[in-house]
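See structure below.
Residue numbering restarts at 1 for every chain, and letters A, B, ... go by the order of the sequence lines.
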2 protein chains.
Amino acid sequence: MSDDASGDPLEDARQTFVRSWGALGTSWGVSRTMAMIHALLLVSDVPLSTDEVMAELGASRGNANTNLRELVGWGLVRRVIVEGERREYFEAEKDVWTIFCTIARERKRREIEPALALLESCLAGTKGLRSAKAKAFHKQLTELAQFVQTANSVLERISASEQSKVIPAILKWLK
Amino acid sequence: MSDDASGDPLEDARQTFVRSWGALGTSWGVSRTMAMIHALLLVSDVPLSTDEVMAELGASRGNANTNLRELVGWGLVRRVIVEGERREYFEAEKDVWTIFCTIARERKRREIEPALALLESCLAGTKGLRSAKAKAFHKQLTELAQFVQTANSVLERISASEQSKVIPAILKWLK
DNA sequence: CAGCGGTTTCGGAAAGTATCGAAAGTCATG
DNA sequence: CATGACTTTCGATACTTTCCGAAACCGCTG
């Protein structure tokens, strides 16, 4: 069950989507399994259990468990408890805007802020130097830092906004 | 030469910057060496030869060559020929805004557009289906596709704009 | 057309990650 | 407090990516 070319067009499309999304994920620095689980939950209309995820993707329990937990850690997936069931179920946040904001926030925290810290520290370490080389170095890093800082603020501002306020503005600006 | 803790604060800062930037690069899906070479060229006030890059980073010729070529392919680094020298030199684009636009364009081409294509194809494959499940699937993918498409357009629009037009607008909006 | 400075390619080694599968842990319940 | 249902952890393994070093290549010049 749920193999390739099942004959059911919907099932086929799901499979294709989930697998290809997993493949694409790797180029964004997300592990294949994690991307696949996320895709799977995204297009599932009901919450899935660890076992269902395992079955659907052919992944091991450990792998499924780890990646589900990580997705919960990113805030992209919620644990849901089903009345009368002991087993835990998982569902993905479905709203695309919310997903975007969550990812933006997390990447900001995990990747942009460390970069900023690095830049600041390198700048601090060369603050007093007066040689031409030092000045050039300082200037380049300053520009970089300023840009990253701006990007950071933009992401922060955007992801703190209401979708209904931002999207229309963007669409208008695009035109 | 050019080891850790050389005693020269500028050299130390450069080393720190280059190495740490390399480390950070991996979490953005860029290989360590490539990120390091880019960082190195970014803060170098003169173009560097393959051999200088090798020496500075302790990388092999093959590795240096491959990554330099790749950086040229991304449009982040230019080959420069020095009058009377046979050897090729490399210099990085220094302007941060230009760098941003280049990266945005490339990632768009390499990563966003394939994702869009995937989404479109999955949508096409389920167009006629009328079951509730199919509709839900279709709706979810449509929302995702729309969002990605918008993001794509935004990147395109921004990276085609003049820095002088965009940055002030952004700064004003941020306030 | 041989020698030389320089670049590119390539097979194999090494490093780094993701994944598995089994064992250990947790927790409500009878 | 023992049991069974489920979750988490963890060492070993498989796979992917990166990197090295040497060999092949290229084009100029004498």
Spacing of [X] atom [atom1] relative to [N] atom [atom2], expressed in whole Å:
{"X": "Glu52(A)", "N": "dT7(D)", "atom1": "CD", "atom2": "P", "value": "11 Å"}
{"X": "Met54(B)", "N": "dC19(D)", "atom1": "CE", "atom2": "C1'", "value": "12 Å"}
{"X": "Glu70(B)", "N": "dT18(D)", "atom1": "CD", "atom2": "C1'", "value": "12 Å"}
{"X": "Met34(B)", "N": "dT18(D)", "atom1": "CE", "atom2": "P", "value": "10 Å"}
{"X": "Met36(B)", "N": "dT18(D)", "atom1": "CE", "atom2": "C1'", "value": "13 Å"}
{"X": "Leu68(A)", "N": "dT19(C)", "atom1": "CG", "atom2": "P", "value": "13 Å"}
{"X": "Ile81(B)", "N": "dG27(D)", "atom1": "CD1", "atom2": "P", "value": "16 Å"}

Can you tell which of dG21(D), dT8(C), dT8(D) lies closest to the side chain of Arg69(B)?
-> dT8(C)
Taking the side chain as every heavy atom from C-beta outward, state whether Leu42(B) and Gln140(A) have any pair of such atoms under 4.5 Å apart.
-> yes
Who are the side chain to side chain donor-acceptor pair (under 3.5 Å) partners of Ser153(A), not counting sequence neighbours?
-> Gln149(A)
Partner residues of Arg32(A) under the side chain to side chain donor-acceptor pair (under 3.5 Å) criterion, sequence neighbours left out | none
What residues form a salt bridge (charged side-chain N to carboxylate O under 4.0 Å, His left out) with Lys108(A), not counting sequence neighbours?
-> Glu113(A), Glu156(A)
Salt bridge (charged side-chain N to carboxylate O under 4.0 Å, His left out) against Glu93(B), all qualifying residues, sequence neighbours excluded = Arg78(B)
Check side chain to side chain contact (heavy atoms under 4.5 Å, CB included) between Thr126(A) and all other residues, then give those that pass, not counting sequence neighbours.
-> Leu129(A), Phe137(A), His138(A), Leu10(B), Ala13(B)
Side-chain donor-acceptor contacts of residues 45-53 of chain A below 3.5 Å, not counting sequence neighbours, with atom names and distances?
| from | atom 1 | to | atom 2 | distance (Å) |
| --- | --- | --- | --- | --- |
| Ser49(A) | OG | Asp51(A) | N | 3.4 |
| Ser49(A) | OG | Glu52(A) | N | 3.2 |
| Ser49(A) | OG | Glu52(A) | OE1 | 3.2 |
| Asp51(A) | OD1 | Arg87(A) | NH1 | 3.1 |
| Asp51(A) | OD2 | Arg61(A) | NH2 | 2.8 |
| Glu52(A) | OE1 | Ser49(A) | N | 2.7 |

Would you call the rings of Phe147(A) and Phe100(B) parallel, tilted or perpendicular, where under 30° means parallel and over 60° means perpendicular?
-> tilted
All N/O contacts under 3.5 Å from nucleotides 4-7 of chain C to the protein, with atom names and distances to one decimal?
| from | atom 1 | to | atom 2 | distance (Å) |
| --- | --- | --- | --- | --- |
| dT7(C) | OP1 | Glu88(B) | N | 3.0 |

Taking distance alone, no hydrogens or angles, what donor-acceptor pairs closer than 3.5 Å link side-chain atoms of residues 20-27 of chain A to residues at least two apart or in another chain?
| from | atom 1 | to | atom 2 | distance (Å) |
| --- | --- | --- | --- | --- |
| Ser20(A) | OG | Thr16(A) | O | 2.7 |
| Thr26(A) | OG1 | Ala23(A) | O | 2.8 |
| Ser27(A) | OG | Leu24(A) | O | 2.7 |

Listing time: all N or O pairs from protein to nucleotides 10-17 of chain D that are below 3.5 Å?
none

Assign Gly29(B) to base, sugar-phosphate, or nothing according to its heavy-atom contacts below 4.0 angstrom with the strands shown.
-> nothing
